[in-house]
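All chains are named by letter (A, B, ...) in the order of the sequence lines, taking the proteins before the strands, and each is independently numbered beginning at 1.
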Amino acid sequence: MDLIEKVKNLILLMNENSLAEIEVEEEGTKIRLKRNNLDSIQTSVQMPAVKPSLQQEGSTKYLTSKDESGVAEVVAPMVGTFYTSAPGADPYVSVGDDVGEDTVVCIIEAMKIMNEIKAETKGKIVEVMVENGTAVEYGQPLFCVEASG
Amino acid sequence: MDLIEKVKNLILLMNENSLAEIEVEEEGTKIRLKRNNLDSIQTSVQMPAVKPSLQQEGSTKYLTSKDESGVAEVVAPMVGTFYTSAPGADPYVSVGDDVGEDTVVCIIEAMKIMNEIKAETKGKIVEVMVENGTAVEYGQPLFCVEASG
Amino acid sequence: MFSRILVANRGEIALRIIRTCKELGIETVAVYSKADKDALYLQCADAHVCIGPGESNGSYLNIPGIISAAEITDIEAIHPGYGFLSENSHFAEVCESSNIVFIGPSSEVMTKMGDKTQARNIAIENKIPVIPGSDSTVEDQQQALKVAHEIGYPVLIKASFGGGGRGMRVAHNDISLVNSLAIAKREAEVAFKDSSVYMEKYIESSRHIEVQIVADKYGNVIHLGERDCTVQRRHQKLVEQAPAPNIKDQLREDICKAAIKMAKGVNYTNVGTVEFVVDGEGKYYFIEMNTRLQVEHPVTEMVTGIDLVAEQIRIAHGERLNLRQKKVKSEGVSIECRINAEDPDNDFRPFAGKITKYSAPGGKGVRVDSHVCAGYEVPPYYDSLLGKLIVHKKSREEAIACMKRALSEYRIEGVKTTIPLHLNIISDQRFATGDIDTHFVENLIGEK
Amino acid sequence: MFSRILVANRGEIALRIIRTCKELGIETVAVYSKADKDALYLQCADAHVCIGPGESNGSYLNIPGIISAAEITDIEAIHPGYGFLSENSHFAEVCESSNIVFIGPSSEVMTKMGDKTQARNIAIENKIPVIPGSDSTVEDQQQALKVAHEIGYPVLIKASFGGGGRGMRVAHNDISLVNSLAIAKREAEVAFKDSSVYMEKYIESSRHIEVQIVADKYGNVIHLGERDCTVQRRHQKLVEQAPAPNIKDQLREDICKAAIKMAKGVNYTNVGTVEFVVDGEGKYYFIEMNTRLQVEHPVTEMVTGIDLVAEQIRIAHGERLNLRQKKVKSEGVSIECRINAEDPDNDFRPFAGKITKYSAPGGKGVRVDSHVCAGYEVPPYYDSLLGKLIVHKKSREEAIACMKRALSEYRIEGVKTTIPLHLNIISDQRFATGDIDTHFVENLIGEK
């Protein structure tokens, strides 16, 4: 049985038996496996997510910085109505566009004022997360941006 | 027996005996298994112990069987007043005495009736846990008995 | 006044009694079973004594254990709450002979009222309407058929010493009567150790209305108005109200007078409840008298402002009633919902387990009587009542709106509860108008 | 009636407002900061919108954010609660210009009453006694000394736009006056962005009594009686009561009349509170008018049975008062304790953290207004109020006994609270007789 086979079998055993850790050492071969805590128990006591608001069914993550995968989110810095473009114009950005920190990516209208929102990060737009013309909360993710460096 | 077989057998032992961790080392083979403690989380949120009652400041453990160290407790099978002896007589048992399952160890007076309490276990009395003449709750430990076999 | 009282009960009613004792400056001793040893409400008592294992027979029904706990803690009186030993006349006798005041009526009255046929005869003697039926227990098929032909089908067979729907059967014809009689007698034997049954005319569309009585030891008897307990599921009350909606003033007056007559007729003391059914034409019939505090007593407390537990204690202590019938006023509307740990998807079976999250409603007009909190383990041994949600408002409309919002903000996780069922009941238009009978819930949830 | 209202506040008062809206059948939109995103009470609203970060400036004080949230959720009115923007006349103006009904008085009245010297002059015009002092702001040392010599020491220096004890100093002689003036002006500048201060005679032994006013848009003004808020610590109210204990009926009548005169004098609308100090001889003096709902409004609700939030909403909607002064009756005694997350061992500093265990009291006579539950994280950004425990009983004696038992069964773990302090206060003999002044708590805990 080769090493990979052994590890596979050990993983199988872990899963079947809900083990958190396995460590084996045999004839100079040492294998140690460790799994993150099963979430089932800990999450079962968590508070339920707040009910989605009137306007927005999606979840609100409040990520403002890049996560491990190098993907950042541009979040709404204020409550208001989200527009991808100035009235009658083309969208500021689309999926695939490169943006810099100062690139205007959208408008949020709040109290009749059109606020131009900047990306605040560098990279490529990989997703527009909100429909044009819908309401957004403070902290709501608007765009996914893949870091360019 | 190959490695995987060994691990399987160890897991079996873990499951049968509710072990959280196993570590074995044998002729250059070292195996360490660890399981997520499933119950610990659920019990960790336990309510604090109730306030001690009027009569009894000590803790109430409700042990009726021997613990790991081979020490058993004789617990009160009813509420009442604890007497080490019949009126005017010597104590039924003292520290150092050997008792059998049917040995009367004390009296609990309840509703004017003197109830003779038997040891229900075999061994040597190592501690008398309640003062003569004091009130005891149901399940309150009365004597510590070291198992004789 | 008593200086120390033992509370021979558990859960919300034990806490309820402890609360009033604290306000009256009376110390309390709580007795508890091993299954309840971690319950937070025990900390509210001045002392607590473990009396037995989780099973009621060894603990909350264990008379020697309770009396023994009373002796070692040197208490003067025992409050039995409801359920368990509260209607056990033998327990009341043991208390009396042990020089402990039993907070309730005398054991003689309890014995009389505990026997349904005897209670019925007392009602007849006092010219209180009873449902046509057998005047005594029905011994055999022949007698049963004779009674049924006299009073006409449908008929109801009931256990003489029963309660809670057990030993109770409806028969619509001779064949079903013969079958039902055998089943009812067997159920009665199993549940109450006495197979005696009696029969009465079964009233198809009825309401359940009861009158709260308060009586001191000097012959002063008053009523605190009526409660409507029509909202039931399989003879288990779910929602109670005071005053009863949608009834004529004359009926209200008549049943309150009848209840006082009944209480005076047996020299009743302490608080008690006289239960009636009211048929579709507004005729009322005595069914039974409960010689104890009711689960639903808070709705009467809310509309009258009177603390019934305080009255019980004062009366048991030998004080004269300081309430006068004319001064008792009923103000506004109170509704109570019993919040049970029950599984609606599984025939409302009791649901034991750990409450992982708990947030009770509050605010104006809301009263919560509950012994549970987050982390509480609902034991499998006892009834499934987690607590009672009571509202009190000026009008029925406001009370219903308040109950609806209070139910909607009540959060209990970890066990299933009757909260969704209650929201369903409270939101129903028939409930709002009060135009319901005892089949309302079964119709609502499509049972039967 | 409005069909949807935005609640521009957080915590217990947001929940309080949502509760009444639900009972009135009005939808609610809750706005919240990131720090409050997991708060359970948000689930009671029909919708909720995050408006900013934990810091109040970006969220609960963020006028564009709140108005913007109002626009996207299409609400008709905003309830500001207390604190935050509730007395901000600019916010009221913005609401008005955005076609949103501000549930409170007009911005003009708010501006007038927000300026303490102007409010004082309006009281003088209406022949309501005020504490002798400067009729306008005190600009410099020379003027301060002149005023002090006219009215006599000790004197109190107060910020014109202040509140909550900041910008407030007592001076007993010329030297301390000169020092205190400088400090008070600086504190006022920092706290309220306006260094204006004024001076008045300092009353050593005083009680704080306030009158609840309700006024519609058609000139109908009534009072709902007085509240006693004498139990304070460093100008922060701790315990409030209705009615005020131990005062003469004549005084009660006089201050209620004065409060109505004050409200009529400025064409006040919606609910408001006129605050007075009463000195050792029973003389009363106007101090200020609060143009909003008070934290302690529930004690008035309990004794009168009137829902003040419902009145606010109806009045803001343009309805006429359906209350008549003669029909308003005060029944029984109500006491409120503010349960704050504060550390008594550390100068009662706010204590942020997670509530690990929570069990609120219940039963007859107890009302709990709280937004917290087990698992709730007390955020560090806001005031430390966890909730209000309110009791209502027939007599003062019973109310105190009920409050004592309710406090004793209130379990909060994970954060330190004012519950032990309240038990201390409620058990004090001076509190029982009502024979206390505003220094009571400081004397009790040996401060100062």
Donor-acceptor list for residues 82-94 of chain B side chains, cut-off 3.5 Å, not counting sequence neighbours:
from	atom 1	to	atom 2	distance (Å)
Y83(B)	OH	E109(B)	OE1	3.4
T84(B)	OG1	N132(B)	OD1	3.4
S85(B)	OG	A89(B)	O	3.4

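The two residues A110(B) and S68(C) have their closest heavy-atom pair at CB-OG, 3.1 Å. Scanning both residues, T81(B) and I72(C), for their nearest heavy atoms gives OG1-CG2, 3.6 Å.
No part of I66(C) comes within reach of chain B, as not one of its non-hydrogen atoms sits under 4.5 angstrom from that chain.
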Evaluation steps, side chain to side chain contact (heavy atoms under 4.5 Å, CB included), between M111(B) and V94(C): CA-CA 10 Å; M111(B) 292 189 72; V94(C) 175; 3.7 Å; yes
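Counting non-hydrogen atoms of other residues, nucleotides and ligands closer than 6.0 Å to CG of D345(C) gives a total above 12.
Residues Y138(B) and P53(C) meet the side-chain proximity criterion, which asks for heavy atoms closer than 4.5 Å.
By number of non-hydrogen pairs under 4.5 angstrom with chain B, the leading residue of P64(C), A70(C), A69(C) is P64(C).
H48(C) NE2 to E137(B) CD: the interatomic distance, rounded to the nearest 0.5 Å, is 7.0 Å.
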